[in-house]
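Just so we're on the same page: letters track the sequence lines, and every chain starts at 1. Here the structure is a predicted model, which means the values were calculated and not measured. Worth knowing before you read on, the calculation uses all heavy atoms, side chains too, and leaves out hydrogens, waters and symmetry mates.
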Amino acid sequence: MSHVGSPRPGVIGAGTGLPPATGLAPATPPRAEPGPFRAFWNRLTARRSAIVGLVIVVALILMAVFADWIAPYDPIATDWGAIRSSPDWAHPFGTDEVGHDVLSRIVFGARASLGAGLTSVALAVALGLPFGLIAGYAGGILDMLIMRLTDALLAIPFLILAIALAAFLGPSLTNAMVAIGLSATSTFVRLTRAQVQAVAAEEFIEAARAVGNPPWRIALRHILPNIVPAILVQATLTIAAAIIAEASLSFLGLGQQPPEPSWGSMLNVAKNFLEQAPWMAIWPGASIFLAVLAFNLLGDGLRDALDPRQRT
Amino acid sequence: RAQTAQAQTLRFGLMEDPDALDPTLARTFTSRMVFAAMCDKLVDIGPDLKPVPQLATSWSLSEDEKTLTMTLRPGVLFHDGEKLDAAAAKYSIERHLKLPGSQRRGEIAPIDRVEVVDDLTFKIVLKTPFAPLMAQFTDRAGMMVSPKAAERLGDKFSTAPVCAGPFKFVERVPQDRIVLERFDDYWNKDAIHLKRIEFRPIPDGTVRLTNLRAGQLDLLERLTPTDLPQVTRDPKLKVGSTIELGFQSIVFNPNKAGSAVADPRVRAAFDLAIDRNALNQVVFSGEFLPGNQWVSPKHPAYVKEYPIGKRDVAKAKALLAEAGVTKPVINLTVYANNEAPQVGQVIQAMTREAGFDVKLQATDFTTALDAADKGTFEAYLYSWSGRPDPDGNTFSFLACKTPLNYARYCDPEADAALGAERATVDPNQRAQAWKRLADRVMADRPLIYLFHRKLFWAYTTKLTGFTPYPDGLVRFNGLKLN
Amino acid sequence: MRPEPADRYPLLSVRNLSKHYPLRTWWGGKGAVFKAVRDVSFDIRPGETLGLVGESGSGKSTIGRAVTMLNPPSAGTVAFEGADLAKLTGPEMRRMRARIQMVFQDPYAALNPRMSIGDYVAEPFRLHRPGMARFERRDEVEGLLARVGLDPRFARRYPHQFSGGQRQRICIARAIALKPSFIVADEPIAALDVSIQAQVVNLLQDLQDELGISYLFISHDLRMVRYLCQRVAVLWHGRIVEMAEADALYDDPRHPYTRRLLAAVPVPNPVAERARLAGAALMPPADPDAWGALVEVAPGHWVAGGHHS
Amino acid sequence: MLRFLVQRLALAVPTLVIASMIIFTLQQLLPGDTATALSGEERDPEVIAFIRQKYHLDQPLPVRYALWAGGVLRGDLGESIRLQKPVLDLVVEKLPVTLELACLAMLVALVIGVPMGILSAVKRGTAADTLANGIALWGLSVPNFWLGILMILLFSVHLGWLPASGYVSPFESLSENLRSMAMPAFVLGNAIAAVMMRHTRAAMLGVLGSDYVRTARAKGVSPLRLVLRHALPNAAIPIITLGALEFGQLLSGAVLTEQVFSVPGFGKLMVDAVFNRDYATVQGVVICTATTYVLLNLAADLLAAFVNPKLRRA
Amino acid sequence: MTESSPKTLLDVRDLGVAFDSEVGAVHAVNGVSYALREGETLGIVGESGSGKSVHVLAMLGLIPRPPGRVTGGEVLFAGRDLLALPERALRKVRGGQIGFVFQDPMSSLNPGMTVAAQIIEPLRIHLGLDGRAARARAKDLLDLVRIPNAAARLDQYPHEFSGGQRQRVMIAIGLSCRPKLLIADEATTALDVTVQAEIIGLVQELKREIGMAIIWITHDLGVVAGIADTVQVMYAGRILERGPVDDVFRDPRSAYTLGLLRSLPDLSRGRAGRRRLHQIEGAPPDMRHPPPGDPFAVRNAYATPRCLAERPPLAQAPGAAPGHLVAAWYDLPARLAAEGVSR
Ligand SMILES: Nc1ncnc2c1ncn2[C@@H]1O[C@H](COP(=O)(O)OP(=O)(O)OP(=O)(O)O)[C@@H](O)[C@H]1O
Ligand SMILES: Nc1ncnc2c1ncn2[C@@H]1O[C@H](COP(=O)(O)OP(=O)(O)OP(=O)(O)O)[C@@H](O)[C@H]1O
Ligand SMILES: [Mg+2]
Ligand SMILES: [Mg+2]
């Protein structure tokens with residue numbers, strides 16, 4: 001079936017990088033190729049800041065997942081004897097206004113806060129990516145429609161949208177996530193579209209058309225993988241924003257419902273006891289900072305690691 | 001000179017932005033703060049909750065309790081220079097009754113007509129005897145507006161309200177400030193020392209307090225009890241307080257399909273599971289007054305036969321077992337403000353020990369109201385600002401098909417008691433009626449009453465002459481800034 | 001293996017091809033049109049290489065993309081094996097792409113950076129031979145990589161791991177996967193280092209010898225064009241001004257622009273080059289619109305006639 | 001140019017229409033209505049019915065939208081039910097305050113973010129870069145309401161330098177106005193500064209690595225001039241575009257800041273309106289912010305075009 | 001090794017440049033030494049990535065730092081070591097005594113500044129010219145590089161010029177302060193042959209006028225042949241061969257130089273007589289781990305075992321013209337003769 005005639009030895013030699021004429025070079029066989037993921041991983045871990053980010057993110061996620069084992073107390077168990085007591089051996093991070101152990105709430109709060117960040121961003125990406133892809137690649141009337149809709153959504157102030165959505169869906173963490181996610185969607189549509197348009201202008205897309213790829217395959221197989229890094233970076237930035245947004249919605253009573261903890265709502269309550277019980281604010285504040293920092297470091301690292309020009 | 005003028009401006013931090021500054025249309029508690037400075041009432045409320053003369057100097061009730069004759073203070077002027085006479089009083093009361101959208105109509109609905117007797121005397125004729133009437137006149141229903149201004153402005157009266165109080169309206173920037181200025185022809189002008197009042201709505205309690213501490217305010221209302229230590233520690237600040245007329249309660253909705261709270265035994269168990277003192281301690285540093293009725297235990301109308309019960313978890317469990325429910329899940333709606341969720345959390349923790357599983361639902365005010373109206377809630381942490389007459393704390397909540405009866409409570413015996421309470425001003429007869437009402441309500445528990453707030457004001461030591469009143473309003477007479 | 005190419009029937013026949021680009025103003029409004037290619041006609045015979053030379057912006061790439069319908073022409077016809085490409089439907093054209101292939105100028109840009117080269121070379125099979133089994137495909141890909149002189153074990157590598165010359169060979173491997181009869185090579189060596197250019201040119205030449213592929217070879221390297229192409233067309237401002245057998249064109253350029261172009265090519269011989277430079281007086285550029293239709297001045301040697309000369 | 005403006009403005013119309021429809025529909029989905037919210041403690045059924053009828057709350061959705069849209073076309077944004085004032089008046093009253101706040105915040109963001117971005121790009125990979133990034137992330141991760149309260153405590157309560165609240169119009173006293181706006185503007189600008197910093201850094205890195213900067217260095221240009229004259233103008237376009245987007249977000253992001261500092265601006269109006277189901281006000285506010293957003297983006301595009309000589313001359 | 005005559009303008013000694021990356025340093029330039037006389041034109045050719053650009057940039061402190069850094073050596077320009085000069089003094093040299101012309105004329109001009117502003121800049125920095133005088137001089141410079149209607153075009157932006165014209169502007173900037181040395185890094189690579197021919201003609205003329213030395217970096221052997229006095233072949237950060245241009249083209253002593261020359265199509269006998277092109281197999285070494293010996297050895301059919309093990313010094317090629325240096329252990333003419341090939 002193969003149409004290839006017997007290749008010339010010289011031509012073969014050219015490809016292997018072996019000198020055809022002398023046998024002098026050490027005949028190094030090509031090293032075992034690292035798979036794409038392995039290569040990506042090597043690039044990622046080659047950066048110290050990315051490792052720091054990754055370690056913190058993983059630690060936070062583990063903390064959220066294994067909160068039941070890590071937290072010294074039930075985060076919603078109240079201790080009437082210890083209302084707003086300052087940090088001591090029994091409660092290393094102190095207790096809050098109804099006698100919850102702050103440390104346990106920080107540990108469990110990671111679920112809500114990281115969850116808010118990750119879920120809302122996942123939603124925004126899940127919605128924004130396909131629409132952005134369609135708008136950017138199909139163009140024409142579809143693009144026009146999607147972009148007008150996106151513009152309209154962007155033009156509505158985020159908080160109004162979020163408040164209205166949260167109020168409509170009923171205040172709960174899940175719904176706050178949905179609201180934050182929906183509000184962030186238009187940014188992703190825009191970003192995806194811009195990225196798609198940039199990638200679609202690349203020559204390899206033309207090359208893909210030249211071998212007869214149908215449009216849907218170009219969009220999914222050729223464009224999509226190339227816009228993922230930009231989306232990922234934006235996503236990690238948005239996670240940070242979403243954690244803060246959850247805090248803001250908590251401020252308005254639309255976030256995590258009491259007594260379940262989230263860092264944002266803890267911070268929100270803590271502001272009423274700023275001088276009496278500063279520890280109520282310090283820990284959730286530090287946790288948010290740590291998470292934001294970690295996600296951003298990781299995001300920067302991912303961007304670099306996904307850049308094919310970066311060598312391992 | 002500018003210094004002293006500045007010094008005599010009282011900056012008063014309010015908890016929310018008042019609504020329409022029209023005594024007929026106003027509906028928020030906060031608006032009453034402003035009216036207290038701007039609009040005098042026919043009668044004021046005394047420290048013992050009895051009416052005392054203000055615009056009306058004397059009054060008498062006919063034998064059948066259906067005609068009230070009032071005599072006005074002579075020489076009182078509205079801010080626009082108009083005279084306050086019987087005709088003006090008649091106009092104001094009729095306006096309360098007839099203006100479309102009037103919020104006062106319900107308060108004085110039994111009034112049939114108002115008749116002018118002479119220049120300063122008028123008669124109010126009732127359809128039926130109505131005991132709370134005088135109490136209503138101590139509030140917005142008793143506020144007199146200038147007929148000329150009211151005619152001219154119609155339902156836009158609130159843009160430039162004209163009353164007969166110590167301070168007259170200057171300007172209002174929504175959500176920023178309301179400015180009043182001393183009315184130089186005020187009938188009691190010697191008691192007024194302040195030159196201007198600036199009301200500044202600052203919803204967040206912490207922010208309100210920091211503003212006071214930073215010298216941006218001279219006086220603020222509704223200080224959070226947990227902030228008390230901060231204020232008492234500060235030598236530049238003082239605190240005033242009084243127990244409110246209203247109540248904090250949990251309203252149950254027995255009509256909610258499939259809800260455990262339909263069974264009175266479950267409601268009783270819930271009640272028994274709550275330790276009101278502990279609740280008070282935890283959330284309010286013990287400053288509030290635990291309660292179990294529509295008025296506080298210190299109120300003259302408190303039904304002494306029903307004192308506050310002790311927490312009894314065992315009995316609560318037994319009741320639940322009797323009702324045949326295990327671990328009932330109860331959704332408790334609370335406002336998403338600073339303290340309601342805290343109260344909810346404590347209740348949640350307390351009732352858990354008795355086997356309840358309370359789920360908190362913190363929502364905004366409008367959503368909560370909507371759920372209450374539509375009957376989609378299950379339990380609702382509800383607060384009522386209170387009225388001078390106990391009728392204002394009961395009738396609309398417990399009588400059949402009344403607007404605030406979120407519990408959909410409808411009991412013939414209770415209705416009869418409420419009818420009796422309204423029908424006479426005689427203290428003994430009314431006390432009996434309250435007892436009859438309590439017999440039913442304490443058993444049925446459509447609401448369980450939790451506590452009565454203490455209202456705190458914080459103010460600079462520069463402010464003198466401040467006296468707390470039980471209706472939670474500030475009397476500006478005698479206030480002085482040094 | 002293949003029937004001897006029948007000279008009389010051109011494989012590709014381009015007639016009166018024009019391409020106009022709408023000019024956009026900076027705010028996106030519509031402006032005039034820019035006539036990038038004007039009324040171009042040529043044939044390519046089976047197994048033949050036609051060189052297309054001309055200055056930057058003269059429309060070379062535009063023609064390349066027009067004949068492959070990647071950027072269809074505004075006017076004119078492109079007949080491939082007798083079929084008018086413009087009349088084909090989308091799916092029909094996609095099927096046709098198995099026979100017409102393209103190699104691009106910049107091998108850095110033409111490869112999808114996130115696709116392993118094995119997948120990249122296998123893509124034509126996936127698209128045009130859907131029934132092919134995985135192992136068959138793998139064998140084919142390995143054969144192709146070997147054919148263009150790459151170690152088949154490299155299939156799992158990604159483009160950035162290859163040098164420019166290797167990349168261009170990957171592109172060529174994909175282009176020849178389905179044994180096309182025609183390849184448009186748009187400046188395939190321009191981005192390559194001198195030492196690598198030879199590798200690619202040799203490969204193209206070998207493939208033609210073996211598979212009888214026809215090329216449209218676009219380049220501005222006039223020496224390489226002469227080396228590789230049987231016939232050469234000179235493009236100037238969107239028009240063909242001269243077209244002839246390669247030797248005829250280089251040895252006896254008729255059109256002033258062709259002469260100007262050839263005179264500017266440096267010679268890698270110090271003595272000759274210095275002499276050339278000393279003697280070179282570049283002819284001033286002439287008015288491109290002053291030249292009319294092609295006239296056959298010698299057998300197979302066509303030159304645009306001058307209106308004024 | 002004129003045609004371009006007209007075209008762009010024409011494109012804005014559907015955006016505004018869709019935005020208003022989205023928010024209109026969304027509001028109707030909210031539980032509770034104005035009448036409920038406004039019937040007061042007494043909740044007199046007659047009052048509720050009266051309000052319903054007065055504000056057409058009893059009409060079907062499309063009718064009400066048509067009524068509203070008709071009003072807008074006549075320049076009437078309706079009346080705030082809660083504040084009983086024409087929405088237009090409210091907007092005219094509040095928008096300038098928030099605009100001032102947003103402008104000052106943007107100024108803060110630019111003054112902090114751009115130099116810091118430049119610094120960290122120029123000193124890329126050094127401790128200064130790390131520090132600048134850390135500060136930026138700190139700015140991103142501190143909620144507005146939180147920073148606001150801390151600042152009040154420090155600067156108003158303990159140091160007594162700045163007023164904790166109390167907006168003073170600039171026409172009354174410019175210095176007092178600036179004093180009252182200093183903290184809110186800083187708090188609001190702080191978060192944006194971080195975003196500006198990171199984007200300035202990215203843009204500057206791109207430009208600093210460009211060939212023409214190398215050319216400039218090869219000419220012997222001093223480092224300061226290199227950054228200010230050669231690099232910055234060319235990095236300006238993304239900063240401008242982003243600035244406009246962020247500015248639009250500032251208008252609504254001001255909500256919490258305004259609440260903490262009791263600034264009588266748009267944000268408070270908006271949140272109160274949503275919570276009180278003051279439909280006309282929400283609609284009016286959204287139309288205004290959306291229009292501002294659209295105009296800002298247009299202005300940014302024009303500015304970017306102006307900065308870019310390739311476009312300026314065309 | 002390097003000849004230092006009194007007329008020496010530039011003396012590069014053992015220059016080394018490395019780029020740090022998180023996975024190890026890339027040794028881009030390794031021990032490059034050569035000298036340039038006043039008025040001499042040096043053509044540099046070599047594999048892409050062989051360090052041609054980097055080493056000239058390093059001389060003037062223009063490599064981006066980090067990641068780049070000079071690992072050693074001296075660059076004596078008119079007697080002063082440029083590498084040891086403080087930045088401030090170095091700025092005086094850049095654009096003043098040494099002019100630069102970079103490869104890509106579009107990206108090398110600031111798109112946001114007028115052409116006048118860009119030409120005036122070095123005039124102001126190095127000659128202290130300002131205002132009217134500077135403008136007049138800028139116009140003269142544009143005239144000098146034969147841009148028609150120069151006065152009118154001063155206030156235009158780069159994008160309003162064609163590619164060839166932009167490169168002329170770059171040359172105007174490079175020549176603005178009458179430098180003693182002009183460094184042209186692939187100054188014509190991006191241009192059409194016809195435009196390239198014009199630019200080369202122009203530079204030749206200007207060189208006669210100004211009398212500067214030139215370092216001309218290019219891939220095009222034809223260009224080097226035409227303008228260079230001396231040619232230098234670089235590979236993997238080293239000089240493999242260097243000598244008078246005629247001698248090197250006629251008698252290359254490095255296998256790499258030979259490979260380059262052979263890979264060009266020979267058209268002297270027409271298409272019919274063409275031979276298969278010679279191709280240099282393999283790829284350049286990984287510069288993170290430069291090979292210990294001759295870097296070209298693994299691709300070199302003539303390499304000896306010693307080439308792999310030990311680095312050959314750059315030394316006078318035996319039997320070649322004086323100044324024709326090569327770094328090789330093997331004797332190329334002898335090997336070629338043995339194969340029966342003659343050139
Ligand atoms: N999509 C397009 N829109 C508008 N003009 C275009 C477009 N593509 C190309 N052009 C213009 O058409 C002309 C011809 O372009 P083309 O790419 O065919 O030239 P070329 O001969 O391939 O040049 P080069 O040697 O630089 O690749 C150029 O002037 C170019 O600016
Ligand atoms: N900024 C940089 N960061 C890292 N490595 C660099 C950088 N600049 C150049 N290099 C490396 O330095 C080496 C020499 O590059 P240089 O640009 O001098 O090559 P060149 O000979 O000019 O090649 P070309 O002919 O392609 O211009 C290359 O291996 C390159 O990868
Ligand atoms: Mg082209
Ligand atoms: Mg280079």
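Between the CG atom of B:Leu209 and the CD1 atom of D:Ile152 there is a distance of 11.0 Å, given to the nearest 0.5 Å. Considering CG of D:Asn276 and CG of B:Asp17, their distance stands at 9.5 Å, rounded to 0.5 Å.
Top candidate by heavy-atom pairs under 4.5 Å with chain B, chosen from D:Val97, D:Asp272, D:Ile51, D:Val263, is D:Asp272. The choice from B:Gln175, B:Arg213, B:Lys156 that makes the most heavy-atom pairs within less than 4.5 Å of chain D is B:Gln175. Contacts with chain D were tallied for B:Pro100, B:Ser158, B:Gly106; B:Pro100 has the most, counting heavy-atom pairs under 4.5 Å.
Of residues 154-163 of chain D, those residues lying under 4.5 Å from chain B by any heavy-atom pair are D:Ser156, D:Val157, D:His158, D:Pro163.
Between B:Val207 and D:Ser165, the closest side-chain pair of non-hydrogen atoms is not below 4.5 Å.
Heavy atoms only, all atoms of each residue included: B:Gly101 and D:Phe50 are closest at CA-CD2, 3.3 Å. Of all heavy-atom pairs between D:Ser262 and B:Asn211, the closest is OG-ND2, 4.4 Å. When all heavy atoms are compared, the tightest approach of D:Glu93 to B:Pro174 is OE2-CD, 3.1 Å.
At a 4.5 Å heavy-atom cutoff, the contact between B:Ser102 and chain D is made by backbone atoms alone. Contact of D:Leu153 with chain B is made through the side chain alone, with heavy-atom distances under 4.5 Å. Heavy atoms of B:Glu16 lying under 4.5 Å from chain D are absent altogether. At a 4.5 Å heavy-atom cutoff, D:Glu258 makes no contact with chain B through either its backbone or its side chain.
Using a cut-off of 4.0 Å between Lys/Arg side-chain N and Asp/Glu carboxylate O, B:Asp364 and D:Arg277 are scored as salt-bridged.
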Begin from the C-alpha positions of D:Gln259 and B:Asp204 and carry the test side-chain contact (heavy atoms from CB on, under 4.5 Å) through to its verdict. CA-CA 8 Å; D:Gln259 249 176 39; B:Asp204 189 280; over 6 Å; no
